[in-house]
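Labels below follow one simple rule: chain letters A, B, ... track the order of the sequence lines, proteins then strands, and each chain is numbered from 1.
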Protein chains: 2
Amino acid sequence: MGAQAQRTEEWADVTPDAARRLLTAAVEAFAERGYHATTTRDIAGRAGMSPAALYIHYRTKEELLYRISGVGHRLALGILRQARDGAGTPAERLADAVRRFVRWHAEHHTTARVVQYELGALGEEHYAEIVALRRDTDGAVRDIIEDGVAAGDFDVPDVRGTTLAVLSLCIDVARWFNADGKRSPGEVGELYASLVLRMVGCAQER
Amino acid sequence: MGAQAQRTEEWADVTPDAARRLLTAAVEAFAERGYHATTTRDIAGRAGMSPAALYIHYRTKEELLYRISGVGHRLALGILRQARDGAGTPAERLADAVRRFVRWHAEHHTTARVVQYELGALGEEHYAEIVALRRDTDGAVRDIIEDGVAAGDFDVPDVRGTTLAVLSLCIDVARWFNADGKRSPGEVGELYASLVLRMVGCAQER
DNA sequence: CGCACCCCTAAGCGCTTGCTCAGGCGCCGG
DNA sequence: CCGGCGCCTGAGCAAGCGCTTAGGGGTGCG
């Protein structure tokens, strides 16, 4: 599946078509140059429209970022919650969470880069809303680790610190991952799952 | 030591005084808002000067970023090389490297944030120069891990991938670290050193 | 004392930015 | 065939951007 097909799938429920094209154009541009270095003319140009067309579908440039950030954060949170609430031992659920979370960050590294590294450009209220989602994200991972500690499967002296480190490790994949590189998203996910299991001192390490 | 004293110490060899004040003002502003969202008027204002004063000491706004990036990267590289070339077992040297690298990223998280997350705003030539420094940084960490594998102290199936993950983990400290938080830079360094030792499957894990 | 030098400012230039607005094209039901 | 409406464009506005220029004041050397 090419990047183009991936992107239209990812934002399939955004209508009308022009609004979606603008949104995916914004994701591309924000990921490449950063929010502040991207002009509304650039976004409109990538979507094949005039600059004014943007404002028929979105009130401001910041709203574009907010929409992208919201969808991305809810998606990421969904992945982690699904893994947390799944079946299996804590180790299996943690590995599953990391595998899928990392895989998403690698596969959709354009979107993920915007989601994870451009939230500082959000307006105050929007920022607060997104930060709340991020707290939930942290909570989901912490839940799994606490389960493992309670079951005696993990050896984690500092649960909060380790949770932070695990999430930080996974998120940063969006920064360095290169689609042209040697590693596939699946491979990175696998490697990271094993690394994280080691970080939590998992006894029966796979 | 306050943030102010820290900053003047960090850039002690920048002269004249006005040039240093502008540089530290730029570090603050870039770290807070990002390079592209920072105006030359803001930088000059923080340094207590008029906008024009900036151009007596630096040719462009980008040169400020380049200078900051260069100093920061050379400093970070120095920390890792010193640890690599030090005495002790590979495990001790790796722990030392992580401890000090992370501690620097936490203590100087303002500078580190600019160094690690704003390099995309550099001009083409300057960018290439900085990327070379980053390759060396990667090499220093890889050297230590390879030593540990060769000595049979580490169990690392994927050396390049693990090196990348270790560096990524440490670098990302600059993004989330908060000086007002509960954790001190030293504590984070200690925690991360132990996590990294686990990641490389170190046998006599402290 | 005079003058050259360094460091600085006030003013502003040319350009780009986010965003607006009046109007036009095409598809729709009647 | 017509009229309304959803979607889009060309032109452009006010504000802010990076950066330049002409000139002033303090300091130290001859």
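Between the P atom of C:dC19 and the CG atom of A:Leu54 lies a distance of 8 Å, rounded to the nearest Å. In this structure, A:Tyr55 atom OH and C:dG18 atom P are separated by 6 Å, rounded to whole Å. Between B:His36 atom NE2 and C:dT16 atom C1' the separation is 14 Å, expressed in whole Å. In this structure, A:Tyr58 atom OH and C:dG18 atom P are separated by 17 Å, rounded to whole Å.
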Tabulate atom names and distances for all N/O pairs under 3.5 angstrom spanning the protein and nucleotides 5-12 of chain C.
| unit_1 | atom_1 | unit_2 | atom_2 | d |
| --- | --- | --- | --- | --- |
| C:dC8 | OP2 | B:His57 | NE2 | 2.6 |
| C:dT9 | OP1 | B:Ser50 | N | 3.4 |
| C:dT9 | OP2 | B:Ser50 | N | 2.9 |
| C:dT9 | OP2 | B:Ser50 | OG | 3.0 |

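Between A:Thr162 and the choices A:Leu167, A:Val149, A:Val156, the side chain to side chain contact (heavy atoms under 4.5 Å, CB included) rule is met once, by A:Val156.
Atoms OH and CD, on A:Tyr127 and A:Glu62 in that order, are 13.0 Å from each other to the nearest 0.5 Å.
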**OP:** Please assess A:Glu10 against A:Thr111 for the test side chain to side chain donor-acceptor pair (under 3.5 Å), listing each intermediate value before the final yes or no.
**Re:** CA-CA 10 Å; A:Glu10 193 178 3; A:Thr111 305; 3.1 Å; yes
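Geometric assessment of B:Lys61 against the ring of B:Tyr55 yields a negative cation-pi assignment under the 6.0 Å and 45° thresholds.
The shortest heavy-atom contact between A:Arg113 and A:Phe177 is NH2-O, 3.1 Å. Residues B:Met199 and B:Ala165 share a closest heavy-atom pair of CE-CB, 4.0 Å.
A:Tyr66 meets the side chain to side chain donor-acceptor pair (under 3.5 Å) test with A:Glu129; sequence neighbours excluded.
Chain A approaches DNA chain D over the interval D:dC8 to D:dG12, counting the first and last nucleotide 5' to 3' with an atom under 4.0 Å from its heavy atoms.
Side chains of B:Arg134 and B:Gln116: a donor on one and an acceptor on the other come within 3.5 Å.
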